[in-house]
Amino acid sequence: MKLLVTGGAGFIGSNFIRYFLEKHKSCAVINLDKLTYAGNLDNLKEVQSDPRYRFIKGDIIDAPLVESIVREGIDLIVNFAAETHVDRAIGHAGDFIRTDVYGAFVLLESARSHGVKRFVQISTDEVYGSIEKGSFKETDTLMPRNPYAASKAGADRLAYSYWATYQLPVIVTRASNNFGPYQYPEKVIPLFVTNALRDIPLPLYGDGMNVRDWLFVMDHCSAIDLLIEKGRDGEIYNIGGGNEIPNVELTQFILDYLKKPRTLIKKVKDRQGHDRRYSLDCEKLKKLGWRPRADFTQALQETVDWYVRNEWWWDKLKSGEYWEYYRKQYVDREKD
Ligand code: NAD
Ligand code: TYD
C-alpha cells in the first residue's frame, strides 16, 4: 500500500508515520509537508533513512505538485496538513482558510482524478462547537465558533461532498485534543511543561474551568489505522480519549508532577470566543473494535517525562522568532 501523508512533519502526522511504518512492513509513505513553523523534520529522525519513507517539501495548495505525486500511484491519502492553533486563527484567519479549506480541495480534486482508493480527512471535535452537558454524536449539528474550527468544518464537509457527489471513498475523523511527544510548544500541555521546566509563568486563560477531552496521540494513530481498514466510505467517526479535565486541574497536575510551585500559574485574560467544553460520544468507533489503550495519568506522566528528557527538541523552538511572538502575546494578555 502506498500512502500520501500530508502534514506529516507536524505533531500527529509524524507520530502516525512512525506508527504506520512500524505496523505495516510492506507499505510506502510519502510525506508532503510545507514545513511551516509547526513542521519539524526532527520529529521524523527515526524514519528518515527508511527506504519505505520519502519526504517532499511542498504546499498542499500547489495543485501541479500534488498532481505529480498522486499520479505516481497513491492508494491512500491521509490529510493532516493544516494550520492548527486557535490563538493564531483569532489573529490571522487567512492562512487557515487557505490551507485547511483550499488545501483540502486541491487534495480531494487530485484524489478524484486519479482514483485514490481511500481519502482520510483528519477533522476535529472543534467543528461541533462547545457543549455544556452530554457528548456530541457524529450526526449532531456543526457549530464551529472560531476561525480554526470553521475552516476545519469547511474541509470536513467538502470532503464529505466528494463522497456524496463523486463517490470518492472518503472517511472523516473528528478527534479530541491530542497529547504526546513532539507537540509544538504553543499547545497547552507542551507549553506548560516547558514553561514550568524554565520557571516561566503558566498563562491559564480565564477561570481555568474550560474542559478538554484528552486523547493520547498513539490511540489516535491506532484509530486512524483501524478506520483505514474497517471504516465505511462516506462516514464520520468521533475519536475521543474519554479523559475530560478542567484546564486548571491539568495545570496543577503538571506542576505537582514536576515538583514546581503552583504559584507559577498566572491567570490571564480569556481567549476570545473560548469554547467551554468539548466532549465526544465514540460508540460508533468502539463498535468497530477500537478502545483507547492509554491510561490517562500514566500517559500524561510519560509525556511530561519525554519533554524533560528531550530538551534538545524543544529548546530551539522556544528561543526562535515564533517564541518571541508568543512571549509578546502573553505579556499583552497579562496587561488586561
Ligand atoms: P501541527 O500544527 O503540529 O502540524 C501541522 C503540519 O501541517 C505541520 O507539519 C505543517 O508544516 C504542515 N502544514 C501546514 N500547512 C501546510 C500546507 N499548506 N501544505 C503542507 N503542509 C502544511 O498539527 P497537529 O496537531 O499535528 O494536527 C494535525 C491534524 O490533526 C490537523 O488537521 C488538525 O486539525 C487535526 N487535529 C489536531 C488535534 C490536536 O489536538 N492537535 C485534534 C484533532 C484534530
Ligand atoms: P490548546 O492546546 O490551544 O487546544 P484547543 O484550543 O484546540 O483546545 O488549548 C487547550 C486549552 O487550554 C484551551 O481551553 C485553552 C487553554 N489554554 C490556556 O489556558 N493557556 C494557554 O496558554 C493555552 C495555549 C491554552
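Residue numbers count from 1 along this sequence. Counting starts at 1 for both ligands and their atoms, following the listed order.
Atoms of ligand 2 lying under 4.0 Å from at least one heavy atom of Asn177, given by number and element, are 4 (O), 5 (P), 7 (O), 8 (O). Using a 4.0 Å cut-off to heavy atoms of Pro203, the atoms of ligand 2 that qualify are 18 (C), 19 (O), 20 (N), 21 (C), 22 (O). The atoms of ligand 2 that sit less than 4.0 Å from any heavy atom of Leu204 are 19 (O). Atoms of ligand 2 lying under 4.0 Å from any heavy atom of Leu191, numbered from 1 in the order shown and given with element: 22 (O). Atoms of ligand 2 lying under 4.0 Å from at least one heavy atom of Glu126, given by number and element, are 5 (P), 7 (O), 8 (O). For ligand 2, the atoms closer than 4.0 angstrom to any heavy atom of Arg212 are 8 (O), 13 (C), 14 (O).
Contact residues for ligand 1 (protein heavy atom closer than 4.0 angstrom to any ligand atom): Gly7, Ala9, Gly10, Phe11, Ile12, Asp33, Lys34, Leu35, Thr36, Ala38, Gly39, Gly58, Asp59, Ile60, Phe80, Ala81, Ala82, Thr84, Thr99, Ile122, Ser123, Thr124, Tyr148, Lys152, Ala175, Ser176, Asn177, Asn178.
Within 6.0 Å of the OH atom in Tyr278, the count of heavy atoms belonging to other residues, nucleotides or ligands exceeds 12.
At least one heavy atom of Phe192 sits less than 4.0 Å from an atom of ligand 2.
Contact annotation for Glu186 and ligand 2: only backbone heavy atoms (N, CA, C, O) come within less than 4.0 Å of the ligand.
Nearest protein neighbour of atom 14 (O) of ligand 2, counting heavy atoms only, is His274 NE2, 2.7 Å. For atom 2 (O) of ligand 2, the nearest protein heavy atom (residue, atom name, distance) is Val188 N, 2.9 Å. Of the protein's non-hydrogen atoms, Arg271 NH2, 3.0 Å is the one closest to atom 3 (O) of ligand 2.
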